[in-house]
Amino acid sequence: MAQLWGGRFTRETDRNVYLFNASISYDKRLYRQDIEGSIAHAIMLEKQGILTTEEKDAIVKGLTTIRTQLEDGSLTISDEYEDIHSFVEATLTQMIGDAGKKLHTGRSRNDQVALDMKMYVRSEIIEIDELLKTFQEILVRIMEENLETFMPGFTHLQKAQPVTLAHHFGAYFEMLRRDRSRLSDIYERLNTCPLGAGALAGTTYPLDRGYTASMLGFEGPTLNSMDSVSDRDYVIELLSALSTVMMHLSRFSEEVIIWNSNEYGFVEIDDAFSTGSSIMPQKKNPDIAELVRGKTGRVYGHLMAMLTTMKGLPLAYNKDMQEDKEGTFDAIDTVKECLTMFMQMVDTMKFRKEVMAKSAMRGFTNATDAADYLVKHGVPFRDAHGIIGRLVLACIEKDKSIEDMSLEELREISEVFDADIYDAVSLKTCVERRLTTGAPGVSAMRGVIAEYRKYLKE
Ligand code: ARG
């Protein structure tokens with residue numbers, strides 16, 4: 001047991017209490033941020049005349065060595081320490097002697113852990129954003145290749161109107177765009193530096209908080225020391241944004257699972273991203289998509305856990321807040337892993353274009369267009385709606401699509417039909433005429449894709 005306190009105690013901490021209290025098994029993940037924050041703190045202390053240049057140099061050199069050794073594996077973080085902050089300080093003191101004991105001047109673990117966590121969240125936001133962007137690049141590539149891959153668009157999971165694969169995937173592109181924008185908002189809002197807030201009430205040392213803040217890439221120092229050490233809003237916001245990412249991936253997964261089913265057969269997941277059954281030799285299962293859908297629950301769980309952990313806490317720091325780490329780390333790991341797996345699966349997926357087009361044709365997705373045809377020939381829309389409804393009924397009775405009906409059969413329903421009806425209800429025409437911004441028509445889509453390309457370059 002190695003801890004930073006004990007002077008006012010007459011008995012050693014109970015071993016199980018120590019273990020219950022310790023966070024090193026998971027906060028060791030913050031070693032880089034902890035060291036970087038400590039280096040900045042030491043440099044600032046020297047600038048303010050609180051440390052000598054020799055002391056500062058020894059501390060910076062020692063901390064840099066610790067980081068290098070942790071990275072090359074010659075030093076490992078032992079669970080004997082209470083937390084990562086204790087480990088770094090104790091190792092530094094063993095390495096450089098008494099100067100190491102001065103590092104914690106004007107600082108508390110409360111502002112230190114808040115700093116570490118903010119820096120960690122910042123760097124993870126950047127990594128997750130990169131993954132989201134890579135996924136968008138995959139989507140836009142597929143969109144460009146499938147501007148005329150016709151498929152049914154659904155409402156209520158019932159075939160509704162024809163769209164294209166490009167259009168359908170564009171919807172996911174938009175979701176990911178909002179995900180990225182949410183992450184960037186969170187980054188901006190969290191980017192003030194808590195270091196120097198001390199335990200809760202600042203410090204009597206003449207710290208230059210603006211200096212450490214700018215060294216560590218923050219906009220500036222936080223302006224209320226109590227809030228600095230007790231704010232975990234950014235963790236909750238991150239978990240919320242990550243939950244939304246997972247919700248999007250889960251919806252996408254659900255579609256891939258449906259599309260990959262024998263009944264739909266719209267897509268074929270690559271063998272490398274499918275799994276078999278131990279008993280049924282014919283099976284090729286969409287496990288990746290199912291796991292992504294399943295893991296969504298645990299990310300939501302971490303959000304709910306953190307909201308609940310924070311809800312009753314009086315100001316300022318409370319140990320409850322140590323519970324922010326495991327869930328956040330797990331949510332981050334889960335999202336990164338799911339994004340990586342899922343985008344590779346999508347990237348290698350085969351689209352069965354004929355099956356999609358056939359499905360669009362068989363489901364009366366052109367019924368609205370048939371009604372619009374009548375409207376163009378002078379029939380009021382409400383009447384046209386009724387006529388096409390009767391036509392659909394007749395088609396169902398004959399097990400035919402609208403375009404399979406002969407002109408005679410069509411005229412039995414309405415005299416208005418003419419030979420040009422066939423072109424009007426062809427899939428190509430139905431999609432191509434939808435040219436409002438955001439619609440699936442090819443030239444409308446091309447404009448949108450050009451904007452996506454520009455956005456991806458920014
Ligand atoms: N391991 C602690 C945490 O994650 C560090 C801060 C400890 N501060 C304290 N006063 N016990 O929250």
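Note that the numbering runs from 1 along the sequence shown for the chain. These figures come from a predicted structure and were not determined experimentally. Indexing begins at 1, ligand by ligand and atom by atom, following the structure's order.
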Residue pair Lys353 / Glu145: nearest heavy atoms and the distance that separates them: NZ-O, 3.8 Å

Pair Phe135 and Tyr172, ring centroids less than 6.0 Å apart: no

Close N or O approach (Arg232, ligand 1; < 3.5 Å): no

Contacting atoms of ligand 1, where contact means under 4.0 angstrom from a heavy atom of Asp83: 1 (N), 5 (C)

Nearest protein heavy atom with distance in Å, relative to atom 11 (N) of ligand 1: Arg109 NH2, 3.9 Å

Residue and atom name of the nearest protein heavy atom (relative to atom 12 (O) of ligand 1), distance in Å to one decimal: Tyr317 OH, 2.4 Å

Validation row, ring centre Phe273 to ring centre Phe342 under 6.0 Å: no

Partner of Val235 by side chain to side chain contact (heavy atoms under 4.5 Å, CB included), out of Met321, His302, Met306, Lys118: Met306

Per-atom contacts, ligand 1 versus Gln322 - under 4.0 Å to a heavy atom: 1 (N), 2 (C), 3 (C), 4 (O), 12 (O)

Top protein contact for atom 10 (N) of ligand 1, by heavy-atom distance: Asn110 OD1, 3.1 Å

Backbone or side-chain N or O of His85 under 3.5 Å from ligand 1 N or O: no

More than 12 heavy atoms of other groups within 6.0 Å of Glu451 CD: no

Proximal atoms of ligand 1 relative to Lys325 (non-hydrogen, under 4.0 Å): 3 (C), 4 (O), 12 (O)

Within 6.0 Å of CD in Glu219, more than 12 heavy atoms from elsewhere: no

